[in-house]
Structure formats: C-alpha cells, structure tokens
Amino acid sequence: MSEIKQRFALHYDWAKHRRVIAGREVILHCHHYNSRIQHTVESAAGIDGKQIIRGCAEAVFAEHVANAFLTWDDVETKWKVAAGLYAHLGFGDLDMRKVGEGRVEAPASHFVEGWNAGFAGRTDPVCTMTEGYLAGAHLAVTGETVSYRETACTMGGAERCVFEAVRGVRDPIGRVERNAVAFTPKAASAFPKPRNIDGEKIVSALVDMPIHGNNEGLIPAFGVYLANTPADFYNLVCIRFVEEMTAKGLGRNAQRLLVSDAETCAMNTFRGIMSSPEWDGLVGPMIKDTPDKLYGIVAVSNALGWGNWYVTSHDQQEALRIESVTGYEALGFRELRGAATDPQCFMLRGVAAGIMALVYGTGTVADRFGSYASKEADCICSGKASCSFEVLRS
Ligand SMILES: [Zn+2]
Ligand SMILES: [Zn+2]
C-alpha cells in the first residue's frame, strides 16, 4: 500500500457505528441515493440548488483534504493526496496533471453512474459535488480561493469530465461550524436480538471488506456503486435545502421530498444488495423466513455508517417499529444547528418505509412506492434518547 493510501485507512467507531476516514465521519450510500438527492436539490424551483451542493462540498472538503496532509508535504504531494482521497472515497478518478493551468479532467465519475441509472438522457453536466471538492482542495493545497466549473461532462457525451478553475471575486469558502454535543447512546443490550440474524457478524464482515475506490476511483459492490461521503456534507446539504425551501413557505414539501428519495433508494439499493453474491454468502445462510430478510437488511445498513438501529417490534407485513440510537442526521443536526422541536431524520424515515415495501410489497419499485407510511415519533434532535420510527401499511 502506498504511503498516501495509508492515510485513508478506515477507522470504524463501534460505539457510534460510524466509519471514519482521514479523521472525518463518512457515510456509505449508493449512486441511486446520491443522484436522487442531488436531483431533488438542484431541480427545486426558486432556489440555487447547484450552489447549495457546491458550497457545502467546498467547505467540507477544504477541511477533509487538509486533514489528510502531513506537515512536510510539498504542493505536488498535496495534490496527489487530494486526488487520492477523492478516488478512495469512491467519487472517481481525477487527472491532476494540468491543475497548475487550472484544468482537471475526470475519466470516471460516481455521479455520472448515478444519473445514468436514474435520470438517463440528461446532457447537462452532473458532477456538481466535484466542482466543490476541487475548490475545497485548491484552498487546502494552495491557500487560494477559486471556483471550479465543469465545462464538459461524460453525461453529455464528452470523453472525460473537464473542470476549469475560475478566478474572480467570490465569497470566501465557509467553515463548518460545529457545536460540541455530549451524547451517550442507548446500549445494544436494551433491544431484543433477532432470532436468526447475527447482526454483529454481518457488521464485522462488512467493516473488514475493502470498500474503497478501485483503479477508476469507483466502488462497484453489492450490485450498486457505493461512495463514502462525509456526514457533514449530507447534513449541510439537506439542512440548507430545507432552510431555503422553508424561507419560500415550502419547508414541509422539502422534507417530504427527502423522505421520498430515501424510500425509493432503499428499494433500489437493498434490492441490488439482496441479489448480490456478497448477500448470498454472508446473509443468505442465516435467512429462515421472510422477516429475516428485513432483519438482514437492517444489519447490513448498520455497517454503512448511518448509525445503528434496532427493530423493536415487527408484525410481518403490517407494521414495523425501529429505533435509531446514533443516526447521523440527528447528531449532525445537533452539531450544526442545535436542538430542534421537530424530528429531522428524513433519510432513515424514508428507508424504514422503503425496506418494508421491498420485503413485503409486490411489483416494480414504482408499484411499491407509498405502500407503507412512516413517521418519526421521537428524535434525538428534540432531546429524546433515540429516534423512533413507526411504519404502517398504507
Ligand atoms: Zn461529469
Ligand atoms: Zn431523529
């Protein structure tokens, strides 16, 4: 392993069920989820969704890239670290040879894979997060604040995505301001154990798997493309999206969209996972009946860095109650904004409905969508010990 790659070694925080790379918590989601969230934010009328994605990526990755530097790194090494981290996280391959001339090319892109799967036919550039990543990296490497814009994208038929530095007057790149949050999660022993599914064994096996970018900087696994994205990025994007929509009187709509995206993605992602050889080898042998599939999905999700959640009651196809003790949305909201009166875990709420629809529904993903309704009854954001979700057949 090269010296630079060693800097990205995974640290798994068992207390929070969180993945940490280069000192930052990262969350595994797949290309379906990432492109769908981006599509929701960028296509909302009346707000500048692209600027939300770009601005959040700039702030988050300026810190994350700098965190991977060593004090004696020269500028050339720092750019290698920036490209190496991007590829390791699974976003794709950055060719930095012309970065001194303000040009970066990308032969492979996680985002293009996602948009091709969910929104084929689009020709506008889709690698908005990469624009922000490059501006953040540029600040970390050189101390200079510039913008990057994608001037050609493989989504539109170009051979490579092309990003060009734009110099000119612009706002400074923001810092990620966090409140210290003192929080002790409920212990696993407070929850019933599934009969047949050994959750700890599944999480351990997944934590030991090398889930990082291949030589194209992509992570094809479980029938999807995964990426390790900083929790701060997801949280800042979703919080700012809801805030900007709330200012237009559309806050509830924004929340519903985020829940729907997660519901759809849970079905796509876990359908891919359940038909993969990794699932057959690891989870398949433990499954004795249909509810075991649901417990298996929950165990797999507990290795993705979302936090850990536990089924507290499950009445076959009728109802599910599930409790999350360290969800990244709730803890992130408290760090970034403080306490809230309303629940804030839109991703987990949508996923809870989606996995019920996947396990017990019939037909296509579109047929199953909406067949279960979920709500978050309690949330860590409003001072509760855990986030509780109730899912009922519609
Ligand atoms: Zn692109
Ligand atoms: Zn919550």
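The analysis underlying the following values was restricted to heavy atoms, covering all of them including side chains, and did not include hydrogens, waters or symmetry mates. Order of listing sets the numbers, starting from 1, for every ligand and every atom in it. Everything numeric here is computed off the predicted structure, so don't read it as measured data.
Inside a sphere of radius 2.8 Å centred on the Zn ion (ligand 2), the protein N/O/S atoms present are Cys345 SG, Glu376 OE2, Cys379 SG, Cys387 SG. At a cut-off of 2.8 Å, measuring from the Zn ion (ligand 1), the protein N, O or S atoms that fall short of it are Cys127 SG, Glu150 OE2, Cys153 SG, Cys161 SG, waters left aside.
Ring to ring, His29 and Tyr234 are close: their centroids are under 6.0 angstrom apart. In summary, the aromatic rings of Phe222 and His31 are positioned with their centroids too far apart to meet the 6.0 Å limit. In this structure, Trp115 has its ring center closer than 6.0 angstrom to the ring center of His39.
Glu329 contributes a side-chain N or O that, together with a main-chain N or O of Phe346, makes up a donor-acceptor pair within less than 3.5 Å. For the pair Ser382 (side chain) and Asp378 (backbone), a donor-acceptor distance under 3.5 Å is absent.
Taking the six-membered ring where tryptophan is involved, the planes of Phe91 and Phe111 are essentially parallel, since the angle between them stays under 30° and well short of 60°.
Enclosure of atom CZ in Arg337 by more than 12 non-hydrogen atoms of other residues, nucleotides or ligands within 6.0 angstrom is indicated.
Just one of Leu257, Ile53, Leu258, Thr229 meets the side chain to side chain contact (heavy atoms under 4.5 Å, CB included) condition when paired with Ile37; it is Leu258.
Note: Asp13 CG to His11 NE2 = 5.0 Å, rounded to the nearest 0.5 Å.
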